[in-house]
Amino acid sequence: MRELLLVRYGEVFLKGQNRPFFLRKLVDHVREAVSGLGGRVWLSDGRIYVSDFTDMQACIRRVTRVFGVHSVSPAVEMEKDNFEAICEQAARMMAPLQGTFKVLARRSDKRYPLDSPAIMREAGGYILEHVPHLQVDVNHPDHEMMIEIRSHAYLSVEKIMAVGGMPMGTNGKACLLLSGGIDSPVAGFMIAKRGVEICCVHYHSFPYTSERAREKVLELARELSDYCGKIRVHVVPFTEIQMQIHEKCPENYTTLIMRRYMMRIAERIAREEGAQALITGESVGQVASQTMEALGCTDEVVGMPVFRPVIGMDKSEIIERAEQIGTFATSSLPYEDCCTIFTPKHPATHPRVELIRKAEEKLDSQTLIEAALDGTEVVELG
Ligand code: ATP
Ligand code: MG
């Protein structure tokens, strides 16, 4: 008899021809997640198993953050031949609990002498008799004792929901424009959850933005890497571009022009990284640069899809998500953003793209972009 973790994965996306590919990735990621905790990981019979760990709670914490994992249960593995011993173990596991319960059974070994209804009935009866403070409720039980008969018998009561999604690296790669705010880490998380590998670009306006602001963004990337694995962050010097825009372009268009340069540079970095799309944390109407027309002006300069997964979310919903994934505290630290420093008093909310194009003619775009790319520092986290 030994303790291990039963790891369940989403069934739906694992059907069809890509199943072995998805599963291999998923098992690899679970293995990476528990490395350092001594865990042994294997796949068998539609489940991933983790055993031989040094710290079960730490293992659970890490495995429930692996994209593609549906839920995790601490379980006891025992020989299946002695059904009496299985019932005794089930009763021992139920004894500390209060309230109502039911027994669920699943049998993949069809030669097992008891079928699932018989296992439920027998084990349920045994628990009732030996743990008299518990009552049965088959409709809304407080606890479910799950007995699975596979190569061995597996008994579990607790089920911890995991992050869900698809295994990392099964859906291409995208480049996240990561600011120090609340929205962009959430946006990156939402796309990464679908199995998309992430790299990040951050625009830094030293000395108008401090070293602390840069560290904050790297910390956010590190927090994302708890889910995504290694993340590379490209820290792009943006001061010169902002100064030039500030000097030469109409004030009400400076934010939008700046955003267009961000997109152009991000696309260049994305292509170098082998990414097929950009991700931003924009939400319709949140600020002047996020009106429908403004978003159109920003999109115009990009030749790849731009994903904006929080586009239809309210700020309060985005904050809730940030709290769930664990980036909110870092995002809330005070900092200066390069966007807030040169903010115009009256930004255009109904911009005219031909005026923007005209204003940009005053800038030596090619040279500015190349210089920014040349000065870019790459930091790897996770
Ligand atoms: P966030 O919560 O991410 O700060 P925001 O509501 O402050 O978003 P903006 O400042 O208008 O919105 O930025 C919109 C999006 O542009 C951000 O979500 C992010 O994807 C990108 N962005 C803004 N500033 C930067 C920056 N300094 N570096 C990289 N990306 C940025
Ligand atoms: Mg911001």
Side-chain angles (χ1 to χ4, degrees), residues 174-192 198-206 208-210 212-221 223-224 231-239 241-242 245 254-270 275 277-291 294-295 297-299 301-302 306-323 325 327-344 347-349 351 372 376-377 379:
C175 181
L176 168 66
L177 284 83
L178 182 62
S179 69
I182 296 164
D183 309 333
S184 48
V186 172
F189 174 89
M190 288 173 77
I191 298 298
I198 299 285
C199 61
C200 300
V201 181
H202 175 65
Y203 300 96
H204 190 240
S205 302
F206 191 81
Y208 299 96
T209 57
S210 65
R212 209 185 38 180
R214 176 181 169 281
E215 288 304 318
K216 176 184 174 181
V217 168
L218 295 182
E219 175 56 21
L220 285 171
E223 286 166 3
L224 286 177
I231 292 187
R232 249 196 313 281
V233 184
H234 297 252
V235 183
V236 181
F238 206 54
T239 317
I241 293 179
Q242 281 191 298
I245 294 172
T254 51
T255 306
L256 261 184
I257 294 172
M258 182 190 80
R259 296 207 48 73
R260 282 160 61 100
Y261 279 92
M262 285 186 177
M263 300 304 261
R264 289 181 177 111
I265 293 171
E267 180 173 356
R268 285 280 296 272
I269 291 172
L278 301 182
I279 307 167
T280 76
E282 288 161 309
S283 157
V284 165
Q286 197 188 73
V287 288
S289 61
Q290 294 172 26
T291 63
L295 291 168
C297 290
T298 326
D299 262 357
V301 300
V302 194
V306 180
F307 297 147
R308 299 181 170 95
V310 304
I311 195 75
M313 286 165 77
D314 294 348
K315 195 74 185 183
S316 58
E317 293 170 313
I318 302 174
I319 288 174
E320 198 176 308
R321 239 14 231 289
E323 281 170 338
I325 67 177
T327 54
F328 183 68
T330 305
S331 288
S332 304
L333 294 172
Y335 79 115
E336 335 74 43
D337 182 31
C338 65
C339 305
T340 48
I341 288 163
F342 298 94
T343 306
T349 48
T376 294
E377 177 202 2
V379 184

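Counting starts at 1 for both ligands and their atoms, in listed order. Positions are given from 1, in the same order as the sequence printed here. Just so it is clear, the model here is predicted, and its values are computed rather than measured.
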Numbered atoms and elements of ligand 1 in range of [X], under 4.0 angstrom, heavy atoms:
X    : answer
T280 : 20 (O)
Q290 : 9 (P), 11 (O), 12 (O), 14 (C)
Q286 : 5 (P), 6 (O)
G281 : 17 (C), 18 (O), 20 (O)
S289 : 11 (O)
I182 : 2 (O)

[X], any N or O under 3.5 Å of ligand 1 N or O:
X    : value
I279 : no
L177 : yes
R259 : yes

> Would you call R259 and E282 a side-chain contact if the rule is heavy atoms closer than 4.5 Å?
Replying inline: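 R259 reaches E282 side chain to side chain.
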> Is the F206 ring parallel, tilted or perpendicular to the H204 ring (thresholds 30°, 60°)?
Replying inline: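 Judged by the thresholds at 30° and 60°, the geometry between F206 and H204 is parallel.
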Examine distances only and state if a side-chain atom of [X] and a backbone atom of [Y] form a donor-acceptor pair shorter than 3.5 Å.
X    : Y    : value
Y261 : I241 : no
S289 : L256 : no
T327 : L220 : no
T291 : T349 : yes

>> I'd like to know if the side chain of S205 pairs up with that of Q242 as donor and acceptor (distance under 3.5 Å, no hydrogens or angles considered).
In response: yes
>> Taking 4.0 Å as the limit for heavy-atom contacts, which would you say applies to V201 with ligand 1: side chain only, backbone only, both, or neither?
In response: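 Backbone only; the side chain of V201 stays clear of ligand 1.
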